[in-house]
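Side chains included, hydrogens not; waters and symmetry mates left out as well; all remaining heavy atoms used. Starting from 1, each residue takes its place in the sequence as its number.
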Amino acid sequence: MLSYRHGFHAGNHADVLKHVVLLRLLRHMKRKDKPLLFVDTHAGAGSYALDSGFAAKNAEFESGIARLWQRADLPEVVADYVAAVRTLNPDGMLQRYPGSPRIAADALRATDHLRLYELHSTESALLQQEFSEAGRRVRVDAGDGFAGLAAVLPPLSRRGLVLIDPSYEVGTDYRAVLTALRGGLERFATGTYVVWYPMLARREAQELPARLVRAAGTDYLHVALQVQAPSPERFGLHGSGLVVVNPPWKSAEEIGAVMPFLTEALAQDAAARYVFDVRET
């Protein structure tokens, strides 16, 4: 697990979906004055170079954010996300990509707080550096984000968003996300939880979405994007999805409206499709 480096995948189709959804949720949550807490259980390095290092090796961003970078027909929700990426690329050249912590930090207010967990020693050091001047608003913990949730939930403000986003490189991650989600809801039932999952050929990955929806209960958004058919060798990521528990009012509607566009823009073959399922009481 500790060999995983998100830099290899920065800005790919899975990041696009995750960050479009994350940013839209945060925009809605900011509409209330009360401060909120953002918790990232697997925060990574914070931001990533695309023109060198890990990201340049596989250049996965070329089939992700790069496909949106120069388009003039972006829906408002997608344009908002691309604008967030542009803050790291002020000269207009796509050279850096913000991870979830940077997306959240830039979107949130001075009165909001971030609690970021990263277990990989190199990644956590980079994360500390990324937010070295953020002051008390951002706390970085070099540790296990699954275990850390018990210490931070519920937040004092009783408002918060928890992003659960492991690498799923080891089989225990599939059980751990369910345990973390159920435990979080027991402590903080009204919080918003965002669980990312990969579309892979392995059985655990195929069963996870339904298990997450069952754990979510009555108020959830399930959105997924398959960009290509599974490979005949049953290797590789052919899409990804998110289950959002307690999505802010009207946020699901805005996310659903852009899924046809994202499917068209990020499709790699004719098997591209999306899932959009929402249940709100």
Side-chain angles (χ1 to χ4, degrees), residues 4-7 9-11 15 18-50 52-55 65 80-91 94-167 184 188 191-194 196 248:
Y4 178 83
R5 303 294 296 274
H6 186 71
H9 314 291
D15 267 357
K18 176 171 59 180
H19 292 147
V20 166
V21 172
L22 177 62
L23 186 58
R24 188 53 20 190
L25 297 173
L26 292 172
R27 296 290 192 220
H28 277 265
M29 294 184 76
K30 286 200 310 179
R31 293 176 182 176
K32 293 185 178 180
D33 293 336
K34 199 171 184 180
L36 63 91
L37 173 68
F38 172 78
V39 183
D40 194 333
T41 62
H42 297 75
S47 66
Y48 307 90
L50 298 179
S52 63
F54 296 124
I65 180 61
D80 185 36
Y81 153 72
V82 173
V85 180
R86 288 190 183 278
T87 62
L88 267 66
N89 300 276
D91 62 357
L94 182 57
Q95 297 174 317
R96 292 197 66 81
Y97 188 82
S100 301
R102 176 49 59 193
I103 292 276
D106 289 350
L108 293 176
R109 305 157 296 192
T111 54
D112 300 319
H113 290 81
L114 294 86
R115 189 72 176 264
L116 312 175
Y117 292 91
E118 177 52 51
L119 191 57
H120 192 291
S121 59
T122 304
E123 296 282 271
S124 63
L126 292 171
L127 189 63
Q128 290 276 6
Q129 183 178 346
E130 178 82 13
F131 292 103
S132 60
E133 299 181 4
R136 298 177 64 183
R137 175 173 173 257
V138 180
R139 175 171 170 178
V140 176
D141 286 274
D144 182 357
F146 288 134
L149 284 180
V152 298
L153 299 179
L156 291 176
S157 66
R158 296 284 171 168
R159 298 192 67 236
L161 185 150
V162 178
L163 174 62
I164 304 174
D165 178 25
S167 66
F188 182 36
T192 296
Y193 297 83
V194 182
W196 178 86

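The side chain to side chain donor-acceptor pair (under 3.5 Å) test applied to Arg137 returns no partner, not counting sequence neighbours. Applying the salt bridge (charged side-chain N to carboxylate O under 4.0 Å, His left out) test to Arg158 and every residue at least two apart in sequence or in another chain returns nothing. Under the side-chain contact (heavy atoms from CB on, under 4.5 Å) criterion, Asp33 pairs with no residue, sequence neighbours left out. Applying the salt bridge (charged side-chain N to carboxylate O under 4.0 Å, His left out) test to Asp40 and every residue at least two apart in sequence or in another chain returns nothing. Among residues two or more places apart in sequence or in another chain, the salt bridge (charged side-chain N to carboxylate O under 4.0 Å, His left out) test is passed with Arg86 by none. Contacts of Arg31 classified as side chain to side chain donor-acceptor pair (under 3.5 Å), with partners at least two apart in sequence or in another chain: His28. When the side chain to side chain donor-acceptor pair (under 3.5 Å) test is applied to Arg96, the partners found at least two apart in sequence or on another chain are Ser47. Listed by chain and number, the residues in a ring pair (Phe, Tyr, Trp, His ring centres under 6.0 Å) with Tyr193 amount to none (sequence neighbours excluded). Contacts of Tyr117 classified as side chain to side chain donor-acceptor pair (under 3.5 Å), with partners at least two apart in sequence or in another chain: none.
Taken to the nearest 0.5 Å, the CG atom of Leu114 stands 8.5 Å off from the CG atom of Leu36. With values rounded to the nearest 0.5 angstrom, Met29 atom CE is found 5.0 Å from Leu161 atom CG.
Only one option out of Ile103, Asp112, Val138, Leu116 pairs with Phe38 in a side chain to side chain contact (heavy atoms under 4.5 Å, CB included); it is Leu116.
Glu123 places no side-chain N or O within donor-acceptor distance of the main-chain N or O of Gly44, the cut-off being under 3.5 Å. A distance-only check finds a donor-acceptor pair linking the side chain of Lys30 to the backbone of Ala107 [under 3.5 Å].
Residue pairs satisfying the salt bridge (Lys or Arg N to Asp or Glu O under 4.0 Å) criterion with at least one member in residues 97-108, sequence neighbours excluded, are listed as follows: Arg102-Asp106, Arg102-Glu130. Listed by first then second residue, pairs satisfying side chain to side chain donor-acceptor pair (under 3.5 Å) with a partner in residues 138-154 read Arg115-Asp141, Arg139-Asp141, not counting sequence neighbours.
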Would you mind writing out the side-chain donor-acceptor pairs for residues 150-157 within the sub-3.5 Å range, not counting sequence neighbours?
from: Ser157; atom 1: OG; to: Pro35; atom 2: O; distance (Å): 3.0
from: Ser157; atom 1: OG; to: Arg159; atom 2: N; distance (Å): 3.3
from: Ser157; atom 1: OG; to: Arg159; atom 2: O; distance (Å): 3.3

